[in-house]
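Numbers here are sequence positions counted from 1. Computation of the quantities below employed the complete heavy-atom set of this structure, encompassing side-chain atoms and omitting hydrogens, waters and symmetry-equivalent molecules.
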Amino acid sequence: MFRSRVLNQIANLASSSTASSSQPTHHLITLIRSPIGLPASSRKTLEALGLYRLRESALHPFGETTAGRILKVKELVHVANVTKAEGEVLRKRRRSEGSGLEPSGRVYGGGKGVMESQI
C-alpha cells in the first residue's frame, strides 16, 4: 500500500512535468551495507557521496566523478537512475512517527502486571 502511494506520487510528478524531463538525469544512491572493516578510503568515498548511515539516500547528477565513486563502493550501495523530481520524492520518503511501535497497555515503572486501567 505504501509503495503504491509513493508510485502514484511519482506518476503525478511525471505527468505534470514535460516529456523531455522524463529521461533519468540523476543517480539515487542508497547505502545498504556497512563499511565497517573496510579500508578508510571506502569510508571516505561514502562520505564524499553524502552517505553516513544505513538506508540513507543521496541524489547526484550523472557524471564521471559520481560514476567512479559508485564503482568504488558498488558492493555497499544500491543505485537507481531517476529524474530529479522522482529522486527528491524517494530520498525524503520516511516512515511516519511511531510506526513499528505497538502500545502494550502496560505502564512503565508500574511493576509487574499493572495495567493502565488499574491506575
Worksheet entry | Shortest non-hydrogen contact between L59 and G87, atoms and distance |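 Shortest heavy-atom separation between L59 and G87 comes out as CD1-CA, 3.8 Å.
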
Worksheet item: If you take all heavy atoms of A58 and G50, which pair is closest and at what distance?
Response: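 Distance-wise, the nearest heavy atoms are CB-O, 4.4 Å.
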
Under 3.5 Å, which donor-acceptor pairs link side chains of residues 60-80 to any protein atom two or more places apart or in another chain?
residue : atom : partner : partner atom : Å
H60     : NE2  : L49     : O            : 2.7

Worksheet item: How far does CD1 of I32 sit from CZ of R55, to the nearest 0.5 angstrom?
Response: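 Answer for the CD1-CZ pair, I32 versus R55, is 9.5 Å.
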
Item to complete: Any chance you could measure L31, atom CG, to S57, atom OG, to the nearest 0.5 Å?
Response: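 OG of S57 is found 9.0 Å from CG of L31.
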
Counting only N and O atoms by type, is there a donor-acceptor contact under 3.5 Å from the side chain of [X] to the main-chain atoms of [Y]?
{"X": "E86", "Y": "T83", "value": "yes"}
{"X": "E56", "Y": "R53", "value": "yes"}
{"X": "S42", "Y": "L38", "value": "no"}

Worksheet item: Between L51 and L54, is there a shared hydrophobic cluster once you connect ILVMFWY residues whose side-chain heavy atoms come closer than 4.5 Å?
Response: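 Same hydrophobic cluster.
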
Discussion item. Any heavy-atom pair between the side chains of R91 and L28 that's under 4.5 Å?
Written reply: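 Contact flag for L28/R91 side chains = yes.
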
Worksheet item: Can you find a heavy atom in the side chain of V82 that is under 4.5 Å from one in the side chain of P24?
Response: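 V82 vs P24: side chains apart.
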
Worksheet item: N81 and H27: side-chain donor and acceptor closer than 3.5 Å?
Response: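 On atom types as modelled, these side chains qualify, holding a pair under 3.5 Å.
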
